Amino acid sequence: MAVLKDRYYFGEIEEKWQKRWAEEDIYRVAEDSRKPKYYCLEMFPYPSGKLHMGHVRNYSIGDVLARYLTMKGYNVLHPMGWDAFGLPAENAAIKHGNMHPAVWTYENINTMRAQLKQLGISYDWSREIATCHPGYYRWTQWLFLQLYKHGLAYKKKAAVNWCPSCATVLANEQVKEGTCERCKTGVEKRELDQWFFSITKYADRLLEDLSLLKGWPEKVKIMQENWIGRSEGAEIVFPVEGGDAITVFTTRPDTVFGVTYMVLAPEHPLVEKLIQDRPQAVEIREFVKNVRNLSEIDRTSTEAEKIGLYTGAHCINPLNGERVPILVANYVLLEYGTGCVMGVPAHDQRDFEFARKYDLSIKVVIQPEGPDLKPEKMTEAYTGEGSMVNSGPFNGLPNKEGIKAVIRYCEEKGAGKGVINFRLRDWLISRQRYWGAPIPIIYCEKCGIVPVPDADLPVELPMSVEFKPTGRSPLADSPEFVNAVCPGCGGPGRRETDTMDTFMCSSFYYFRYTSPRNTERVWGESEINYWQPVDQYIGGVEHAILHLLYSRFFTKFLNDINLVPNTEPFTNLLTQGMVLKDGAKMSKSKGNVVSPEDIVSAYGADTARLFILFAAPPERDLEWSDQGVEGCYRFLNRVWRLVAPMAGKLSGGQPDTDKLVGVDREMHRLTHVTIKRVTEDVGNRFNFNTAVSAIMEMVNGLNQYREVPETDREPSVLKEAAETLLVLLAPFAPHMAEELWHGTGHSQSIHLQPWPAYRPDAVAEEEVTIVIQINGKIKDRILVPVDITPDRMSELVLSQPRVRQLLEGRNVVKVIPVPGKLINIVVK
RNA sequence: GCCGAUGUGGCGGAAUUGGCAGACGCACCGCACUCAAAAUGCGGCGGAUAACCUCCAUGCCGGUUCGACUCCGGCCAUCGGCACCA
């Protein structure tokens, strides 16, 4: 039997068990049809250097769940890996001269892996993946080609962010408030050929299936819903004088008779055609050029002044034949709808303000009940309901019906149709960067765009490239990389030199974990069918939209091509709150960072984990407190001093609940109440903070119980209590629990023990204290049998001398007995 | 501006289905142990009050109810997301 030291030497203990667990490989899992599976996943980190407290929180939460569910008898898949491609690696390479992004990344991975092991997280490390490894990105490229083959990847010109000072292209993430993140220079726009995924083809499914996600926070679903941004309306065609036509999207077809002007986005392809040979041409070209150069931020800022210019051209309202002037304005976005807006100033606030500013006419077509709206007297647009007026055949129709009627009418006349529009845009995945998965495409003069054949994957990143900011992908300057043989005709070809957005790499990693070393296929069929979907996903809310939406898109696509059995990737989602210090997010610039390393070396991993789980429920932000950490450390020491002396002294089997009395019965009860509380808090509610509280209360009770002379106690009760305590503590403080478990005479790992079930008869009480209220105010308490009837309870309470005294001279109106809780006497 | 979350002691938080507000922990105070300190153990700890079995108290105002931290209506504050979406 192991000897337990009288003091808690966390360093020795943690090191010893981490080594043993690795040697015995206790966290390795394989498919096992005899056991129910559970896939517990935390968002894999970007290997930025070292773990921060947010990581510690994320992985501690996941670890408690994984360990708990394993003890509950599930076959738990709990893997870890690295979201290892991305800009910081490249920036570090530029900053540190000749350090290669791969070296920087793998060094960080080694550091962070060691830190995760020091925290004692129960990962199956045999499944570790890194997205920058050719064995992984081979499949990133393969999936790109699958999307391409199914018509969901396409190339198109699009504007990118350009920093004139760094002479480089910037990803959206690198643009902060319209300036370059590194040098603060104003960012410009440049047009480049780029690859896109047609996520918009899945917009309706991505929206509809949100309702299937019962285990997701409402907040996240609402954010995705808004992001997808479905709106119903119509596209209506306005012929332009002198040929051409403008198709406009509107959600208010009932107001088409009120159109008094039409506005095009500056980039709208028709603009140049309309202004040709007109006096306005010079001014408008200048305006368009200026707007194009604006950054996304400046362009879409609500504060930006709305500027419109008259083109001189007109179009015809197809419903009433009216002549409508055409304008160009900065607030109209080319990407949304059809890139133009019909102006209905009487019934749209923005149009109203714009019309007043430029003295455009206002025409009322929806009349609410009450006095007639007069354009010249209106101070704001009328956007409510009403009857249609000045609307030809639709006059008198309630506008809600008018929406449908106008659409039907347009469809009959061939002037338009009902349309559903989404705000969601296609996903731009091209990055003019080195440290990412190369897009597996070859351009050939004869064959055009040619996908790299599967057999030639991966298209490997060349190791020796220059990282000077030249304005192009560094790959473009690597002739060995660029020059390739066309797989179609065998002639000379050029490789695509852009790499893929790293969100692509993280959109399928949770599938790859099921077969991480499969070199033949992206994953095995039996593995994917066994493990999918992820039962519990845990991570920060900052990924509520992009990562989670892209992953849902991928899952639906992969389901469509029969590669995965599920249509949604994550059954349950837990979004953990931030870790704050002094009320603010920890950051270097604020100087309020607490490093996990320091905490682990000063107090041990068990203390760090316990504090982070105890300090707040997982969804809420957590305020870091050094004194709170101290408190958790003291608690673990208390556990040590309580249990360590019991080594070799515990005896007895299962206590017999029926025969226990007095302090033994109370202790036995506390043990089972604690099992119940911890099980519910961890398993049903994810309230780890209250689970820890329950364990603390049990320790307090156990300490008192141990004060009772040994001769007055039933030994089996102490044994049950001590062992239960360790098992309940195991998911939270795995090292200490393991050490004490072995020290008290066990040879198998505590982490392989079954989770205890509480005995209802042990939890049950014979008598309970109920509260006596008079008019809702507490006046007294009384001990009553648990199974007392409400009638008997009322009788008993009303006969109490103190109650009778309080009721003296008052009129009892009503008595409300609530069994097991309280009784309220209503008097006048 | 729109959408969402949160608001409880000196602090982090608890109260699971409308039923004892403040569990558990921190800080603080007192006591024990000690030559002393630390550590540890024991006790106290929302406010008012001389005191109570009294009164007040869960951001503010109002409502429903025998009973409201919890439900409803209206405000305020803080945080987060979206932000000219036609």
Side-chain angles (χ1 to χ4, degrees), chain A residues 217-227 229 231 233 248-252 255 263 265 299-306 329-333 335-344 348-351 353-354 421-425 541-542 544-545 577-578 580 583 585 610-611 614-617 619-632 634-635 637-638 641 677 680-681 684-685 687 689-700 703 707 769-781 802 805-806 813-816 818-827:
Chain A
E218 213 53 41
K219 169 175 67 167
V220 173
K221 288 190 277 187
I222 290 168
M223 280 163 75
Q224 291 212 352
E225 195 181 317
N226 293 341
W227 189 261
S231 53
V248 69
F249 173 74
T250 177
T251 53
R252 292 292 303 272
T255 64
V263 204
R299 175 76 189 275
T300 57
S301 159
T302 326
E303 276 118 68
E305 196 193 354
K306 290 173 184 52
N330 57 349
Y331 70 89
V332 181
L333 306 172
E335 301 83 25
Y336 186 77
T338 59
C340 55
V341 179
M342 60 181 214
V344 186
D348 179 284
Q349 188 57 25
R350 188 190 50 195
D351 293 349
E353 287 163 18
F354 190 76
N421 224 306
F422 293 93
R423 289 173 77 150
L424 182 69
R425 321 242 171 105
V541 74
E542 65 273 18
I545 299 173
M578 289 187 296
L580 311 177
K585 190 179 175 171
L610 193 72
F611 168 72
F614 176 61
E619 286 95 344
R620 230 188 288 180
D621 286 350
L622 181 154
E623 175 67 29
W624 185 267
S625 156
D626 290 331
Q627 285 165 330
V629 176
E630 199 83 49
C632 287
R634 277 205 291 267
F635 167 71
N637 274 284
R638 215 151 41 231
R641 286 194 306 272
R677 287 177 63 188
E680 284 166 3
D681 285 353
N684 306 346
R685 301 204 307 155
N687 278 10
N689 55 331
T690 51
V692 174
S693 297
I695 296 172
M696 286 173 169
E697 284 178 63
M698 184 182 175
V699 168
N700 293 343
N703 263 320
E707 296 291 304
T769 304
I770 62 153
V771 163
I772 300 173
Q773 294 183 337
I774 293 175
N775 285 348
K777 303 260 183 200
I778 297 157
K779 295 292 170 182
D780 205 355
R781 292 182 169 81
R802 185 166 153 69
Q805 188 193 326
L806 284 162
V813 180
K814 205 170 170 188
V815 178
I816 299 145
V818 184
K821 295 238 162 89
L822 54 68
I823 185 163
N824 190 12
I825 304 161
V826 187
V827 299

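All chains are named by letter (A, B, ...) in the order of the sequence lines, taking the proteins before the strands, and each is independently numbered beginning at 1. Please read all numbers here as calculations on a predicted model, not as lab measurements.
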Rounding to an integer number of Å, can you tell me how far [X] [atom1] sits from [N] [atom2]?
X	N	atom1	atom2	answer
A:I770	B:C20	CD1	P	13 Å
A:I545	B:G81	CD1	C1'	7 Å
A:F354	B:C85	CZ	P	14 Å
A:Y336	B:C85	OH	C1'	5 Å
A:E335	B:A83	CD	P	12 Å
A:L610	B:C24	CG	C1'	12 Å
A:D626	B:G25	CG	C1'	15 Å
A:L424	B:A83	CG	P	12 Å

Residues that [X] engages under side-chain contact (heavy atoms from CB on, under 4.5 Å), provided they are two or more places apart:
X	result
A:E542	none
A:R685	A:D681, A:N687, A:T690
A:R641	A:N637, A:R638

[atom1] gap between [N] and [M], integer Å:
N	M	atom1	value
B:G18	B:A27	C1'	34 Å
B:C28	B:C20	C1'	27 Å
B:U8	B:A57	C1'	10 Å
B:C29	B:U64	P	48 Å
B:G44	B:C24	P	11 Å
B:G9	B:G73	C1'	29 Å
B:C2	B:G19	C1'	39 Å
B:U49	B:U54	C1'	9 Å

Between A:D621 and A:M578 (side chain of the first, backbone of the second, donor and acceptor by atom type, cut-off under 3.5 Å), is there such a pair?
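It does hold such a pair.
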In B:G9, glycosidic geometry as syn within 90° of 0 or anti otherwise
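This nucleotide is in syn.
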If you take all heavy atoms of [X] and [Y], which pair is closest and at what distance?
X	Y	result
A:M342	A:R252	CE-O, 3.9 Å
A:V826	A:N775	CA-OD1, 3.4 Å
A:T338	A:F249	OG1-N, 3.5 Å
A:N330	A:E305	ND2-O, 2.8 Å
A:I770	A:G820	CG2-C, 4.0 Å

Pairs under 3.5 Å (N/O, protein and nucleotides 61-71 of chain B):
from  : atom 1 : to     : atom 2 : distance (Å)
B:C66 : O2'    : A:N824 : ND2    : 3.2
B:C66 : O2     : A:N824 : ND2    : 2.6

Here's a test of your reading of the structure: between A:M223 and A:G339, which maps to the more 5' nucleotide of RNA chain B?
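First, find each residue's nearest nucleotide; the 5'-ward one identifies A:M223.
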For A:S231, what residues pass the side chain to side chain donor-acceptor pair (under 3.5 Å) criterion, not counting sequence neighbours?
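If we apply the side chain to side chain donor-acceptor pair (under 3.5 Å) test to A:S231, skipping adjacent residues, the hits are A:Y336.
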Run the side chain to side chain donor-acceptor pair (under 3.5 Å) test against A:Q224 and tell me which residues pass, sequence neighbours left out.
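Partners of A:Q224 under the side chain to side chain donor-acceptor pair (under 3.5 Å) test: A:R552.
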So what does [X] touch, heavy atoms closer than 4.0 Å: a base, only the sugar-phosphate, or nothing?
X	value
A:S231	sugar-phosphate
A:S625	nothing
A:G229	nothing

Distances for protein N or O near nucleotides 40-43 of chain B N or O, under 3.5 Å:
from  : atom 1 : to     : atom 2 : distance (Å)
B:U40 : O3'    : A:R641 : NH2    : 3.1
B:G41 : OP1    : A:R641 : NH2    : 3.4

Salt bridge or not between A:R350 and A:E353? Use side-chain N to carboxylate O under 4.0 Å.
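Salt bridge absent between A:R350 and A:E353.
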Can you confirm whether [X] sits close enough to [Y] that some side-chain heavy atom of one is under 4.5 Å from a side-chain heavy atom of the other?
X	Y	answer
A:I816	A:Q773	no
A:D348	A:F354	no
A:R677	A:E697	yes
A:K219	A:V541	yes

Residues two or more places apart in sequence or in another chain: which of them pass ring-ring contact (aromatic ring centres under 6.0 Å, His included) with A:W227?
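ring-ring contact (aromatic ring centres under 6.0 Å, His included) list for A:W227, sorted by chain: empty.
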Under the ring-ring contact (aromatic ring centres under 6.0 Å, His included) test, which residues partner A:F614, sequence neighbours left out?
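Once residues adjacent in sequence are excluded, A:F614 has no partner under the ring-ring contact (aromatic ring centres under 6.0 Å, His included) criterion.
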On the side chain of A:R252, is there an atom forming a donor-acceptor pair with the base of B:A86 - under 3.5 Å, no angle test?
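Answer is no: no donor-acceptor pair is held.
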Where the side chain of A:Q627 is defined as all heavy atoms beyond and including C-beta, which of B:C82, B:A27, B:C84 is the nearest nucleotide?
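Within the option list, the nearest is B:A27.
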B:U16, B:A86, B:C20: which one has an atom nearest the side-chain heavy atoms of A:D681?
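Nearest listed nucleotide: B:U16.
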Taking only nitrogen or oxygen atoms into account, show me every contact under 3.5 Å that the protein makes with nucleotides 53-56 of chain B, one pair per line with its distance.
from  : atom 1 : to     : atom 2 : distance (Å)
B:C53 : O2     : A:R802 : NH1    : 3.2
B:C53 : O2     : A:R802 : NH2    : 3.3
B:C56 : OP2    : A:K777 : NZ     : 3.2

Is the phosphate of B:C85, meaning OP1 or OP2, less than 4.0 Å from a side-chain N or O of A:R350?
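Looking at the OP1 and OP2 atoms of B:C85, one of them is under 4.0 Å from a side-chain N or O of A:R350.
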Do nucleotides 1-14 of chain B as a string where each nucleotide becomes B, S or -: B if the base has a protein heavy atom under 4.0 Å, S if just the sugar-phosphate does, - if no protein is that close.
--SS-------BSS
Just need the stems in RNA chain B: three or more back-to-back Watson-Crick or G-U pairs, each with both distances under 3.5 angstrom, sorted by first number.
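Stem list for RNA chain B: B:1-7 with B:76-82, B:10-12 with B:24-26, B:28-32 with B:40-44, B:46-48 with B:54-56, B:59-63 with B:71-75.
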